[in-house]
Number of protein chains: 2
Amino acid sequence: MARSKRPAMSPAETEVLPLVWQSQEATVQQVHEALPSNRKVTYVTIATLLRRLEEKGYLRHHARGKAFVYGPAAKKEDVIRRTISDLVERLFGGNPVPLMQHLAQHSGISDEDIERLKGLGKKK
Amino acid sequence: MARSKRPAMSPAETEVLPLVWQSQEATVQQVHEALPSNRKVTYVTIATLLRRLEEKGYLRHHARGKAFVYGPAAKKEDVIRRTISDLVERLFGGNPVPLMQHLAQHSGISDEDIERLKGLGKKK
DNA sequence: TGACACCTATGACAGATGTCATATATTAGT
DNA sequence: ACTAATATATGACATCTGTCATAGGTGTCA
């Protein structure tokens, strides 16, 4: 298997990448507008973050008119998996159960939500 | 309520803090020895990380003989909660369900483990 | 075709990070 | 009291981060 080893994303980058994912593709402006209201940074800052994400291998872009349209260069699933397993690694030495427990008790997740999780792990 | 607002931990710090927690208290040397084998940094590096964690309010220390013994200065539960909710915020806009799903399908967690999570959220 | 609106490029900058080499202090022996 | 072993203190340094101001390119429409 090809372990790509993209440089890790910084916190700010980790916040911006999902905003691109959620529309498959997005211009700087769209991402800028999609920012939560409590997070005010300038358009230029977003442009920088997207550029850096591209340098790191998470995004790619092509021009459309005068603007750049950014889209994923790495599979969302993989990026998320990596991000989470890195956290689990650091915080819990690699054991994901404590994280599940934590979520179950501090995230307002219902037993119904939990019930629905069963069976997801079945490897095809 | 008192929102302490400790500066966020860096990735390296996030990896080292749990090593102190796991023995309640620990010297630089103990933490250094507790490092996973794939993670080789010098003793001095660990000392720096522990000192910075103290500056940020996560640890405190007292001397024992010639060595410093570091112990928690913030509740582990709170630190973990903050760390996780920050990630959920960034990656999933605050919704923890996708994270649960991800863990359920990619972490080798069994349906039994999942079953055991039920009821944890019930506030007394 | 000019002016405007809207983009990206450049690069700047302070502060955070990850890692150490060294200098200095302290303690337990002998 | 000296010394070897072991600690912390200093501070250095290349990168990375988060943020932006500003310069320069380009499409659009009157």
What are the two closest heavy atoms between A:Leu103 and B:Pro96, and how far apart are they? CD2-CB, 4.3 Å
Contact list please: residues 9-26 of chain B against DNA chain D, heavy atoms, distance less than 4.0 Å, in numerical order. none
Between A:Met9 and A:Thr14, which heavy-atom pair has the shortest distance, and what is it? CB-OG1, 3.4 Å
Taking only nitrogen or oxygen atoms into account, show me every contact under 3.5 Å that the protein makes with nucleotides 1-8 of chain D, one pair per line with its distance.
residue	atom	partner	partner atom	Å
D:dT6	O4'	B:Lys66	NZ	2.9
D:dA7	OP1	B:Gln29	OE1	3.2
D:dA7	OP2	B:Gln29	NE2	3.4
D:dT8	OP1	B:Phe68	N	2.9
D:dT8	OP2	B:Tyr43	OH	2.5

Sort and list the pairs that fulfil salt bridge (Lys or Arg N to Asp or Glu O under 4.0 Å) and have at least one residue in residues 89-108 of chain A, not counting sequence neighbours. none
Take atom CZ of A:Arg60 as the centre, draw a 6.0 Å sphere, and report whether it contains more than 12 heavy atoms from other residues, nucleotides or ligands. no
Using a 4.0 Å heavy-atom cut-off across all strands, classify B:Arg39 as base, sugar-phosphate, or nothing. sugar-phosphate
Apply side chain to side chain contact (heavy atoms under 4.5 Å, CB included) to residues A:Arg116 and B:Gln101 and explain how you reach the verdict. CA-CA 9 Å; A:Arg116 246 175 260 127; B:Gln101 289 173 342; over 6 Å; no
Scan residues 17-46 of chain A for pairs that pass salt bridge (Lys or Arg N to Asp or Glu O under 4.0 Å), counting only residues two or more places apart or in two chains. A:Glu15-A:Arg39
If you assign each of A:Gly65 and A:Lys40 to its closest nucleotide in DNA chain D, which residue comes earlier from the 5' end? A:Lys40
For DNA chain D, find the residues of residues 48-61 of chain A with a heavy-atom distance under 4.0 Å and give them by number; none if there aren't any. A:Thr48, A:Arg52, A:Lys56
For B:Asp113 versus B:Ile109, what's the shortest heavy-atom pair and its separation? CB-CG2, 3.6 Å
Nucleotide C:dT17, atom P - distance to CD1 of B:Ile46 in whole Å: 16 Å
Could you tell me how far apart B:Arg64 (CZ) and C:dT27 (C1') are, to the nearest whole angstrom? 15 Å
N or O in side chain of B:Thr42 less than 4.0 angstrom from C:dC20 OP1/OP2: yes
Between the main-chain N or O of B:Ala8 and the side-chain N or O of B:Lys56, is there a donor-acceptor pair closer than 3.5 Å? yes
Please give me the minimum heavy-atom distance between A:Pro98 and A:Phe92, naming the atom from each residue. CB-CD2, 3.5 Å
Are any of the side-chain heavy atoms of B:His106 and A:Ile84 separated by less than 4.5 Å? no
Non-neighbouring partners of A:Lys66 that pass side chain to side chain contact (heavy atoms under 4.5 Å, CB included), sequence neighbours left out: none
In this structure, how many angstroms lie between the P atom of D:dC20 and the CG atom of A:Leu35, rounded? 11 Å
